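When a ligand or atom number is given, it counts from 1 through the structure's own listing order. Values below: every heavy atom of this structure, side chains too, minus hydrogens, waters and symmetry copies. Source: prediction; values computed, not measured.
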Amino acid sequence: MPNIALSVSVQTEYTAKKATKNNPIPTIIAYVTDDGTVLGGLGDAEYLTRAQDLISQSSFKGGLGESVTDYAIHAKELPVLTVIGVGKLDKLAGNIAKVAAATYTAIKNAPRAVILWGDTICHKHFTQFGLALLAASYRFDHHKAKAADSDAIKDITIISNRDELDAYQAALAFVLATAKGVSVARDVANEAPNVLTPSELAKKSKQLAKDYAEKISVSILGEKEMQKMGMGCFLAVSQGSDEEGKLAVIEYYGKTGRAGKKSRLSNPIALVGKGLTFDTGGISLKPAAGMEEMKFDMGGAASILGTIKAIAEANLAIDVVAVLACAENMPSARATRPGDVVTAMNGMSVEVLNTDAEGRLVLCDALCYVQENYKPKAIIDTATLTGACVIALGSVRSGLYSNDEDLLFALESASEFTNDLVWHMPLDDSYNEQLNSKIADVQNIGGREAGSVTAACFLQRFIKENQAWAHLDIAGTAWKSGSTNSATGRPVALLAQYLRSQAD
Ligand code: BES
Ligand code: MN
Ligand code: ZN
């Protein structure tokens with residue numbers, strides 16, 4: 001992530017200072033609605049008049065993402081002024097990420113920028129704006145021989161005239177920590193699948209243990225250990241690949257620190273991530289078109305890594321255990337066949353009717369593992385689990401499933417707060433019946449209907465009675481398909497905010 005100093009200032013009036021060598025003249029950003037109103041109320045500073053002139057003398061209509069710039073080229077002491085359209089004021093809340101993206105485009109070539117929000121945004125929208133602004137600066141270019149020049153922008157100040165400095169500063173701290181986590185998740189997920197093997201993915205957690213040694217410890221389990229624990233479902237996925245499957249177990253001691261800790265965390269929140277570094281479908285092979293996107297099938301694990309990064313940066317006082325289920329799904333002579341029956345760590349037998357429904361197989365053993373070894377207050381798993389979820393919700397909202405009302409409410413609140421949107425999906429028993437197997441305790445697919453729901457129902461079968469659990473199907477939200485083809489880092493912001501809401 002580029003190093004951008006983002007700050008917030010509360011002041012009732014803004015006048016650009018004269019430029020100095022260390023403080024070049026900033027680009028000033030002001031926002032205008034589609035009825036021509038300059039947002040803010042920062043007093044009658046000279047920029048307001050300039051903004052009005054700029055609007056009246058151009059074809060600028062204040063439409064969402066539109067912009068016009070006054071470079072003031074004949075007056076060297078004057079800042080560059082760009083007005084950006086936000087469209088309808090009553091729709092601004094839903095458009096804040098788009099406004100942030102347009103803002104980044106407008107300021108990226110200037111060394112400094114001052115963003116005049118005036119009285120328009122509260123700390124919640126400030127949070128969403130800040131996250132989206134920093135996300136817009138993200139690049140993934142380390143495989144290119146010659147990386148493009150980085151953007152000039154180094155310093156951004158957001159100015160509000162609401163007398164809420166403490167709230168803004170808390171929001172800013174959260175934004176800076178979370179943006180780092182999001183960036184980690186994107187870097188890991190964007191990596192090529194020949195580079196990011198299951199072992200390499202698991203190893204990423206070692207970096208966190210190194211960077212935050214006083215709070216994080218990591219252990220990585222290989223296939224031998226998984227065999228001993230009876231993780232037959234995980235191994236059924238991994239066995240077709242030449243790459244060894246790994247389970248990375250990350251312990252975050254946010255309450256007391258690691259020092260003197262011999263015993264395991266007690267009652268942590270457990271996070272579990274699907275980490276398929278590549279999903280060919282196995283013997284139930286996927287079609288060729290678009291298969292390269294299945295490098296993102298570790299987006300769940302990447303989001304969990306990113307979340308741990310974010311909460312470690314924010315120094316959250318909370319205990320968390322995270323498990324990354326890292327494997328590669330390949331066809332080979334050793335691969336699992338459709339029809340094979342395997343046994344999970346908790347003793348349940350699973351009839352594998354489609355080897356492409358592999359995410360739930362690695363996850364069920366990881367879910368058994370956290371329940372067996374910790375007494376989690378709550379378990380949340382994230383997974384690029386089903387194409388059906390992409391059909392149901394597209395790339396706007398992740399599918400949210402839960403057996404616990406408090407957890408559901410807390411996740412929905414965190415989602416709404418961060419604009420990392422989810423939609424509550426059902427878990428009725430009637431869906432669950434689609435998974436009844438003729439010869440085993442359960443089968444791994446439930447037919448064409450409600451594919452995202454039956455996948456969640458499969459996971460739920462491995463959750464013990466009274467264990468609070470939620471599942472996020474991020475198949476549509478973890479990356480942007482098509483020409484963008486880049487990881488989004490979702491749902492790091494949602495999870496980081498959830499954990500913040502649960503911390504002491
Ligand atoms: N990783 C895929 C799900 C996926 C597909 C995510 C497309 C994003 C885009 C998962 O492992 C999978 O293949 N699921 C199957 C399940 C089916 C065989 C029941 C699917 O969705 O087709
Ligand atoms: Mn699959
Ligand atoms: Zn998959």
Legend entry - Per-residue contact class, R360 against ligand 1 - non-hydrogen pairs under 4.0 Å: side chain

Legend entry - Where ligand 1 meets G387 - atom numbers and elements under 4.0 angstrom, heavy-atom basis: 3 (C), 4 (C), 5 (C), 20 (C), 21 (O)

Legend entry - Degrees at the Zn ion (ligand 3) between the NZ atom of K274 and the OE2 atom of E358, nearest 10°: 90°

Inset, instruction - Distance to 0.1 Å, residue and atom name: give those for the protein heavy atom nearest to atom 8 (C) of ligand 1. - result: W479 CH2, 3.3 Å

Inset, instruction - Kindly indicate whether the side chain of I156, heavy atoms from C-beta on, has any atom under 4.5 Å from the side chain of I4. - result: yes

Inset, instruction - Would you mind reporting whether L495 and I304 have side-chain heavy atoms less than 4.5 Å apart? - result: yes

Legend entry - Heavy atom of the protein closest to atom 7 (C) of ligand 1 (residue, atom name, distance): M294 CE, 3.6 Å

Inset, instruction - In plain terms, say whether K144 and D141 are close enough for a salt bridge, that is, a side-chain N and a carboxylate O under 4.0 Å apart. - result: no

Legend entry - Basic-acidic side-chain contact under 4.0 Å: K228, E225: no

Legend entry - For atom 6 (C) of ligand 1, the protein heavy atom that lies nearest, with its residue and separation: A475 CB, 3.6 Å

Inset, instruction - Considering the heavy atoms of K274, write down every atom of ligand 1 situated less than 4.0 Å from one of them. - result: 1 (N), 10 (C), 11 (O)

Legend entry - Residue-ligand contact K286/ligand 1, heavy atom below 4.0 Å: yes

Inset, instruction - Could you find the nearest protein heavy atom to atom 18 (C) of ligand 1 and give me its residue, atom name and distance? - result: N354 ND2, 3.5 Å

Legend entry - atom 3 (C) of ligand 1 - nearest protein heavy atom and its distance: L385 O, 3.4 Å

Inset, instruction - Please determine if D441 and R461 form a salt bridge, counting it only when a charged side-chain N lies under 4.0 Å from a carboxylate O. - result: no

Inset, instruction - On the 0 to 90° scale, with breaks at 30° and 60°, tag the H123-F417 ring pair as parallel, tilted or perpendicular. - result: tilted

Inset, instruction - Note the single closest protein heavy atom to atom 2 (C) of ligand 1, along with its residue, its atom name and the distance in Å. - result: D279 OD2, 3.6 Å

Inset, instruction - Could you tell me whether the side chain of L176 reaches within less than 4.5 Å of the side chain of L134, counting heavy atoms only? - result: yes

Inset, instruction - If the plane angle is over 60° it's perpendicular, under 30° parallel, otherwise tilted; pick one for H142 and F140. - result: perpendicular

Legend entry - Nearest to the Mn ion (ligand 2) - the N/O/S atom of E358, by atom name: OE1

Inset, instruction - For atom 12 (C) of ligand 1, grab the closest protein heavy atom and report residue, atom and distance to one decimal in Å. - result: D356 O, 3.2 Å

Legend entry - Single hit among D365, L221, V362, L324 for side-chain contact (heavy atoms from CB on, under 4.5 Å) with L247: L221

Inset, instruction - Would you give the angle at the Zn ion (ligand 3) between D297 atom OD2 and D279 atom OD2, to the nearest 10°? - result: 90°

Legend entry - Heteroatom proximity flag, T386 to ligand 1, N/O under 3.5 Å: no

Legend entry - Side-chain donor-acceptor pair present, R360, N444, cut-off under 3.5 Å: no

Inset, instruction - Could you tell me whether ligand 1 has any atom less than 4.0 Å away from a heavy atom of M298? - result: no

Inset, instruction - Provide, to 0.1 Å, the distance between atom 19 (C) of ligand 1 and the closest protein heavy atom, together with that atom's residue and name. - result: I445 CG2, 3.5 Å

Legend entry - Exercise check, heavy-atom protein proximity under 4.0 Å to atom 14 (N) of ligand 1: yes

Inset, instruction - Check all N, O or S atoms of D279 and name the one closest to the Mn ion (ligand 2). - result: OD2

Legend entry - Those atoms of ligand 1 less than 4.0 Å from some heavy atom in E358: 11 (O)

Inset, instruction - Could you tell me whether K274 and D297 make a salt bridge, using a distance below 4.0 angstrom between a side-chain N and a carboxylate O? - result: yes

Legend entry - Student check: side-chain heavy atoms of S238 and E244 closer than 4.5 Å: no

Inset, instruction - Answer whether the closest heavy-atom distance between the side chains of R490 and I474 falls below 4.5 Å. - result: no

Inset, instruction - Confirm or rule out an N/O/S atom of D356, from backbone or side chain, lying less than 2.8 Å from the Mn ion (ligand 2). - result: yes

Inset, instruction - Give the numbers and elements of all ligand 1 atoms closer than 4.0 Å to a heavy atom of T384. - result: 1 (N), 2 (C), 3 (C), 6 (C)

